[in-house]
Amino acid sequence: MDARIRGTGAEPRDLSWSRTVPRELVHRASVAEVLLTDVLRVDATRFLAAACWSRSHPTFPVDGRAAHHPLMVVETLRQLGIFIPLCYLGVPVDTRMLITDVFFTTEPGAQPRASHGATQVTCRVRVTGLRAGSDGATAGLRLHAEFLAGGAVFARAGGGARLLSPERYAALRGPLAGTCQPPSSAGLLRPDPARLGVSHARDVVIGRAGDPGPGGNGGCRRDRPDPTEVLVDAADPWHPFFFDHATDHVPGMVLLEAARQAAALASDGALSRPTGVRLTALRFTEFSPPARIVCVPHHRTCAFRFEQDGECPAFGVLHYQSPLRA
């Protein structure tokens with residue numbers, strides 16, 4: 001696609017997919033996890049961006065399907081939500097960005113088929129809801145994006161974020177700030193990866209305390225987890241995509257994938273590949289104790305919420321093309 005810079009003195013040029021943007025500008029530790037390759041400003045609030053979705057990405061299926069994981073839309077949006085403020089809105093590079101909500105919808109019939117190498121994705125991005133803090137610095141924004149491949153729109157996404165200085169983030173997190181060791185697995189029982197629509201055991205991010213015995217839960221002590229509960233617990237705390245860098249809370253991408261996997265488990269695999277999702281984060285989801293996931297599949301949707309320490313840190317709904325059948 002021909003991308004031009006308007007309202008500037010710069011020479012117009014096309015988008016480039018030749019190399020990735022600097023990893024620190026999308027808050028990634030590994031260059032292999034950087035999806036953006038170029039971002040051009042169109043006007044004060046609109047941008048064009050290029051991204052490469054590689055077949056070698058950890059989320060790409062190995063069962064012969066030539067379809068990218070739906071989370072690639074969200075991860076591209078996340079990287080745009082960091083790169084644009086840092087490069088165009090004067091936000092310092094050490095700013096912490098917290099997702100308040102995120103959504104995406106896809107066009108199943110227009111999904112790009114992954115060919116050799118990588119899929120070249122074009123993003124049309126609009127920034128809205130810019131908010132400034134008492135010090136005049138950007139404190140929040142909303143992003144809206146369309147995703148195109150081969151000139152056709154195949155997905156739309158958006159969301160909001162809070163922007164905090166390192167000092168404000170440390171004050172918000174208190175003693176939990178900077179606890180950056182990867183979380184240890186809670187040792188839960190893992191569902192079969194194939195039932196969850198993932199390729200490897202390391203990709204599983206949910207678990208159960210155990211299977212109920214013949215007497216159901218009657219033999220379980222009340223101070224122990226319900227063995228039928230589904231909990232957030234990553235099998236691989238060093239997963240190259242979900243835990244690319246150290247973090248002191250459960251990343252939003254892990255919450256989305258945990259909800260997707262819990263829905264697949266609750267529907268016995270029938271609801272596996274969502275065509276849309278909306279997630280609202282009310283507060284941080286901590287690693288301990290593992291958050292419980294409550295799913296309610298119904299027809300073409302699955303409502304979900306996370307429960308932790310008597311509160312609901314996040315909730316949302318997944319949408320699917322095919323309805324759940326009894």
Under 3.5 Å, is there a donor-acceptor pair between the [X] and [Y] side chains?
X      : Y      : answer
Asp248 : Tyr169 : yes
Thr128 : His144 : yes
Glu107 : Gln111 : no
Thr119 : His68  : yes

So do the side chains of [X] and [Y] get within less than 4.5 Å of each other, counting heavy atoms only?
X      : Y      : answer
Phe103 : Leu279 : no
Glu307 : Val294 : yes
Val296 : Thr301 : no

Item checked: Donor-acceptor contact present, side-chain Glu229 to main-chain Arg208, <3.5 Å -> no

Margin query: Taking the six-membered ring of Tyr320 as reference, does the cationic atom of Arg300 (NZ for Lys, CZ for Arg) lie under 6.0 Å from its centre and within 45° of its axis?
Written below: no

Next item on the list: Please confirm whether Arg41 makes a cation-pi placement over Phe47, using NZ or CZ under 6.0 Å from the six-membered ring centre and within 45° of the ring normal.
Entry: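 So Arg41 doesn't make the cation-pi contact.
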
Next item on the list: For side chain to side chain contact (heavy atoms under 4.5 Å, CB included), just list the numbers for Leu98 and Leu172, CA-CA rounded to whole Å, side-chain angles, deciding distance to a tenth of an Å, and then say yes or no.
Entry: CA-CA 12 Å; Leu98 307 179; Leu172 180 65; 4.1 Å; yes

Note to self: Please determine whether salt bridge (charged side-chain N to carboxylate O under 4.0 Å, His left out) holds for the pair Arg13 and Asp38, giving the CA-CA distance in whole Å, both sets of side-chain angles, and the decisive distance to 0.1 Å.
What the structure shows: CA-CA 11 Å; Arg13 67 174 177 84; Asp38 199 8; 2.7 Å; yes

Checklist line | Exceeds 12 heavy-atom contacts within 6.0 angstrom, atom CZ of Arg283 | finding: yes

Margin query: A quick test of your reading: do over 12 heavy atoms of other residues, nucleotides or ligands sit less than 6.0 Å from CZ of Arg168?
Written below: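 Atom CZ in Arg168 is not crowded, with 12 or fewer foreign heavy atoms closer than 6.0 Å.
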
Checklist line | Positive for side chain to side chain contact (heavy atoms under 4.5 Å, CB included) with Val39, one of Val125, Ile84, Leu48 | finding: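 It is Ile84; the other options fail the test.
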
Next item on the list: Have a look at Arg142 and tell me which of Val127, Leu130, Asp101 forms a side chain to side chain contact (heavy atoms under 4.5 Å, CB included) with it.
Entry: Asp101

Margin query: Working note: Arg96 + Glu167, criterion salt bridge (charged side-chain N to carboxylate O under 4.0 Å, His left out); need CA distance, chi angles, decisive distance, verdict.
Written below: CA-CA 10 Å; Arg96 301 298 296 264; Glu167 296 75 21; over 6 Å; no

Notebook entry, point to check: For Arg162 and Ile99, what are the C-alpha separation, side-chain angles and deciding distance, and is it a side chain to side chain contact (heavy atoms under 4.5 Å, CB included)?
Noted result: CA-CA 7 Å; Arg162 297 170 59 195; Ile99 294 174; over 6 Å; no

Next item on the list: Could you give me the CA-CA distance, side-chain angles and deciding distance for Glu286 and Arg173, then say whether salt bridge (charged side-chain N to carboxylate O under 4.0 Å, His left out) is met?
Entry: CA-CA 11 Å; Glu286 310 296 350; Arg173 292 296 280 151; 2.8 Å; yes

Notebook entry, point to check: Would you call the rings of Phe154 and Phe147 parallel, tilted or perpendicular, where under 30° means parallel and over 60° means perpendicular?
Noted result: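 If you compare the ring of Phe154 with that of Phe147, the planes turn out tilted.
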
Check: Taking the inter-plane angle between the rings of Phe304 and Phe306 on a 0 to 90° scale, is it parallel (under 30°), tilted (30 to 60°) or perpendicular (over 60°)?
Finding: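 Ring orientation, 0 to 90° scale: perpendicular.
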
Notebook entry, point to check: Can Leu176 be reached from Phe284 by stepping across I, L, V, M, F, W or Y side chains whose heavy atoms are under 4.5 Å apart?
Noted result: no

Notebook entry, point to check: Where do Val232 and Ile293 land on the side chain to side chain contact (heavy atoms under 4.5 Å, CB included) test, with the steps shown first?
Noted result: CA-CA 7 Å; Val232 180; Ile293 315 168; 3.7 Å; yes

Notebook entry, point to check: For Phe83 and Val21, what are the C-alpha separation, side-chain angles and deciding distance, and is it a side chain to side chain contact (heavy atoms under 4.5 Å, CB included)?
Noted result: CA-CA 9 Å; Phe83 186 92; Val21 302; 3.7 Å; yes

